[in-house]
2 protein chains.
Amino acid sequence: MLTERQLLILKAIVDDYITNAEPVGSRSVSKRDEVSYSPATIRNEMSDLEELGFLEKPHSSAGRIPSQKGYRYYVDHLLSPSELTKGEMSDIQTVLDSRFNEFEQLIKQSAKVLSSLTSYTSIVLGPEVFESTLKQIQLIPISNNQAVAIIVTDTGHVENQTVQFPGDLKGEELEKVVNILNEKLRGVPLVQLQEKLSAEISSLLKRYVNQYESMIQMLGDVFHTHQSGKVFYGGKTNILAQPEFNNVERVRNILNIFEEDNLVSKLFRSEDRGLTIKIGEENRFEPFDECTIITATYSLDGKHMGTVGILGPTRMEYPRVISIMDYLSKDMTKILTAWHQKK
Amino acid sequence: MLTERQLLILKAIVDDYITNAEPVGSRSVSKRDEVSYSPATIRNEMSDLEELGFLEKPHSSAGRIPSQKGYRYYVDHLLSPSELTKGEMSDIQTVLDSRFNEFEQLIKQSAKVLSSLTSYTSIVLGPEVFESTLKQIQLIPISNNQAVAIIVTDTGHVENQTVQFPGDLKGEELEKVVNILNEKLRGVPLVQLQEKLSAEISSLLKRYVNQYESMIQMLGDVFHTHQSGKVFYGGKTNILAQPEFNNVERVRNILNIFEEDNLVSKLFRSEDRGLTIKIGEENRFEPFDECTIITATYSLDGKHMGTVGILGPTRMEYPRVISIMDYLSKDMTKILTAWHQKK
DNA sequence: GTTAGCACTCTTCATCAGCGAGTGCTAAAT
DNA sequence: ATTTAGCACTCGCTGATGAAGAGTGCTAAC
């Protein structure tokens, strides 16, 4: 168990390092207002904290920097959540309050505010389909071999997509198909659409539609595409401004990850509801060994919808970011709910 | 006017520098097979070429590197276009031949091949709306205040978008609106939709629809969004692998540009049809002072559709990239045409 | 228990010499 | 008149050296 004084010093060191990005020496800790001990005393404590694994020395005559364990302890027990300033709150408010037509717009905006407020990179995962169910499906023919498929979920999310279309389908046939689909699939979770399709629908369609194979194929395409949620980014290059990423190789590794939405989606999707903080190797993904990821979830009617995330260096401004994320995710939930009810 | 020998040497230097990214000395030029002069002779010529502005010295005891003018001359008069290898051609073929439902898929694929073949960053501009006209517009109500707007162009391009919708609109009213729109706007270039809307349509709608203001607003939204073509990227981080961009600050400036599709769209949209090469400051955009942009256009029925572009260092593998771009853009045109006719 | 003092460690920065690559000039060779 | 060999010179790069500075860890005094 750490003593009061050790806590004080650990906190001071983390706070200092977070703002200055440089190893913290005993003297600068001692100079802090909240610390009233001499450098020598601090040195002894620092030595103990190092032995306990909370601090590290880059080399013998530098100051100390927090270890991953140190950050973890700081986050769990030490940090004093910072109040959002009026400006920050109103920034979030204005951006989110602006009228939006689509789910996606809200999400894009969120990603933008988040990155600009934190100056880290923000990742926002769009509605995750696991829990949402189909409310309505539509097929609108556009030319003689194209149609737009529209899917509406119970959460009010709309997806649309252009697809190849069996050439010579009569209007009444199409109507029949759409009717069947709506009848059989309404209320089905999106993730199960695919299997329902092959299990129940395909035989039914066979009876009514000539081109039934290409029809099935097309529907398969449609359902498949909506399996993975979309990913939105804010400030992709913000991370380059951090001194710890002053190295093109390392930066490239990280930026490359952003090119693969699937991967990002997997990495940032959080299983837990609420706020999650993963520090360094806790991410279990080597390129992020020196990064912290903070995620929060937003929801609708208590139903989990998606995740907002921040990627920054382990030396992250935890108090501020946590407050902002908390505020933002709750606000998104609120606005989403209001928006949904309006309909 | 340059002598034969000067041409030979200039070409040799550019070729060498392109592959090795290091200042080229007289000795290494002399060692080339196609060059049969001693280093001393080469040195004299190099000195002349420098005086003429085709070469530069990073410092007095380094070799020479091509100046912007040198690259320009090389591109205009010297380069021997490289034959595509079988592998490259089939790479392009396979990727583009794969079934695609939408315009966008073709374009995304193109961006991907292009960047992976060249290992530079590719930018592909989607259909530019300037020349395409409206073929059909549809409004599909989804909930009591949402609709999906679908726009089909004469080139077979489909765009769709979810929009806010005047709450209590009767089915017949909606139908009326859609009919008016189609009647009045068919054949109108997309860029003019907006003005046509306010000039002619709005008064007409006023007569038939109650919620006419919000209707107009919504249509304005829809038409506005489709003004600017979409931008697709491939290999955004490829540029980081180039030795001349081994500097986080510079890289950041460039990557930031990619975050603003509007800007990119402006920079890469080429006024000329066919292949265009802009070297360094010819781009008239400071962050690209050390970059070359090569663009080519693809079309449909002789009608200009969009642009494929490559961003790399001025030290670019011109012969290869040019061949690839040429081949790809022509192939895109071919496939697009085939696809369009199929319908 | 706390702190002052001090020797010790290690990085950083500037300086300097030596090396090597490359040039530019001159004089010789073709 | 060209071309080339030879050589002095330039300049960046590398590695060694040393002084400065920041910080530690230990000891002894408070």
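Within every chain, numbering begins at 1; the chains are lettered A, B, ... in the order of the sequence lines, protein sequences first and strands thereafter.
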- Which residue, B:Ser60 or B:Ser36, contacts DNA chain D at a nucleotide closer to its 5' end, judged by nearest heavy atom? B:Ser36
- Query: Which is true for B:Ala40 with a 4.0 Å heavy-atom rule: it touches a base, it touches only sugar-phosphate, or it touches nothing?
  - Reply: base
- Task: In whole angstrom, give the distance that lies between atom CD1 of B:Ile13 and atom P of C:dG22.
- Result: 12 Å
- Over 60° means perpendicular and under 30° means parallel, so classify the ring planes of A:Tyr73 and A:His77, tilted if in between. tilted
- Message: On the side chain of B:Arg64, is there an atom forming a donor-acceptor pair with the base of C:dG24 - under 3.5 Å, no angle test?
- Response: no
- What's the CD-P distance between B:Glu51 and C:dG24, to the nearest Å? 10 Å
- Message: For A:Phe258, does the six-membered ring have the charged nitrogen or CZ of A:Lys236 within the cation-pi criterion, i.e. under 6.0 angstrom from the centroid and within 45° of the normal?
- Response: no
- Query: Out of D:dT24, C:dG24, D:dT4, which nucleotide sits closest to the side chain of B:Glu50?
  - Reply: C:dG24
- Message: Is the shortest side-chain heavy-atom distance between B:Val29 and B:Asp16 below 4.5 Å?
- Response: no
- Query: Could you give the OH-to-P distance, from B:Tyr37 to D:dA1, as a whole number of Å?
  - Reply: 19 Å
- Does D:dT4 have OP1 or OP2 sitting under 4.0 Å from an N or O in the side chain of B:Thr41? yes
- Note on the structure: Picking from C:dT11, D:dT24, D:dG12, the nucleotide nearest the side-chain atoms of A:Ser26 would be D:dT24
- Task: Take the protein atom CG of A:Asn44 and the nucleotide atom C1' of C:dG5, then report the distance between them rounded to whole Å.
- Result: 14 Å
- What is the distance from CG of B:Asp48 to C1' of D:dT3, rounded to the nearest Å? 14 Å
- Message: Using modelled atom types and a 3.5 Å cut-off, is there a donor and acceptor pairing between side-chain atoms of A:Thr85 and backbone atoms of A:Glu88?
- Response: yes
- Quick one: does B:Arg43 reach the base of D:dG6 with a side-chain donor-acceptor pair under 3.5 Å? yes
- Message: Just the rounded figure in Å: distance from P of C:dA21 to CD of B:Glu22.
- Response: 12 Å
- Quick one: A:Glu45 CD to D:dG25 P, roughly how many Å, whole number? 13 Å
- What's the NZ-P distance between B:Lys57 and C:dT23, to the nearest Å? 8 Å
- Item | DNA chain D: 5'-proximal contact among B:Pro58 and B:Pro39 (nearest heavy atom) | B:Pro39
- Please state whether the phosphate of C:dG22, meaning OP1 or OP2, lies under 4.0 angstrom from any side-chain nitrogen or oxygen of B:Ser61. no
- Query: Would the A:Phe288 and A:Phe285 ring centres measure less than 6.0 Å apart?
  - Reply: yes
